[in-house]
Structure formats: structure tokens, C-alpha cells
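Below is one structure, written out as C-alpha cells; the observations come after it.
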Amino acid sequence: MTRLRPKLLENRNFNDSDALISQLKREISCLERQFERLKLLDGKLDTGTANTYRDMIFSRKEMLQNLI
């Protein structure tokens, strides 16, 4: 039996980037808080995890700058 795929972006207006900008701002804020909490709680945050958080934050900030 095959499953039908839902039309996910059916009613979206691709010219309106306000929702995406808001989402990116929320994600950046959340990631920065999580990163700071990990640094405080753990004390010995491993390099891989720290780099991953920095990369995620940087990439979202870059996307945000491209939208503004």
C-alpha cells in the first residue's frame, strides 16, 4: 500500500520571510542559551560539542543576515 504525501507548503507565501526570520531568531537564542548552560554545568565541554554549537549558531546567523 502506498501512502500519500501531504502537501506541506501548499498555502505558504514564499515572498513573506517574516516567519522564517522569527524562527531563526528563536533558534539562535535557544542554541546560545543551551551552549552557555553546557559550558557552566559541565565545566569541561568537549571541543566537538563546542564547535558544533558554534557552527549551528553561526550558520543560523548567516541565514538571518541573508534574509534581512
Side-chain angles (χ1 to χ4, degrees):
M1 177 175 9
T2 60
R3 296 172 69 179
L4 297 175
R5 290 184 177 179
K7 293 181 181 179
L8 297 176
L9 303 174
E10 176 177 345
N11 295 323
R12 296 249 172 134
N13 180 357
F14 288 102
N15 294 325
D16 184 10
S17 59
D18 291 341
L20 183 54
I21 289 171
S22 295
Q23 177 66 31
L24 286 169
K25 286 179 179 179
R26 282 192 303 271
E27 288 180 14
I28 291 167
S29 177
C30 183
L31 286 167
E32 288 174 336
R33 282 193 313 261
Q34 288 175 359
F35 187 38
E36 289 302 317
R37 191 175 6 195
L38 282 173
K39 287 193 290 189
L40 291 173
L41 292 177
D42 194 26
K44 293 188 215 176
L45 186 62
D46 67 279
T47 307
T49 302
N51 287 339
T52 300
Y53 269 90
R54 285 186 193 105
D55 289 344
M56 289 189 297
I57 293 167
F58 177 79
S59 66
R60 282 163 177 77
K61 284 182 177 180
E62 193 172 49
M63 283 188 277
L64 184 60
Q65 286 302 314
N66 289 331
L67 290 172
I68 294 177

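Side chains are part of it too, since the values below use all heavy atoms of this structure and drop only hydrogens, waters and symmetry mates.
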Handout entry: CG-CG distance between L31 and L24, expressed to the nearest 0.5 angstrom
Key = 10.5 Å

Handout entry: Residues forming a side-chain hydrogen bond (donor to acceptor under 3.5 Å, both in side chains) with S29, sequence neighbours excluded
Key = R33

Problem - T49: side-chain contact (heavy atoms from CB on, under 4.5 Å) partners, not counting sequence neighbours - result: L38, L45, D46, Y53

Handout entry: Residue pairs involving residues 17-30 (criterion salt bridge (charged side-chain N to carboxylate O under 4.0 Å, His left out); sequence neighbours excluded)
Key = E27-R60

Handout entry: Gap between atom CD1 of I28 and atom CD1 of I57 - 0.5 Å precision
Key = 8.5 Å

Handout entry: Residue list, side-chain hydrogen bond (donor to acceptor under 3.5 Å, both in side chains) with N51, at least two apart or on another chain
Key = R54

Exercise for the section: Look at the side-chain heavy atoms of Ile, Leu, Val, Met, Phe, Trp and Tyr, link any pair under 4.5 Å apart, and say whether F58 and M56 land in one connected group. Expected result: no

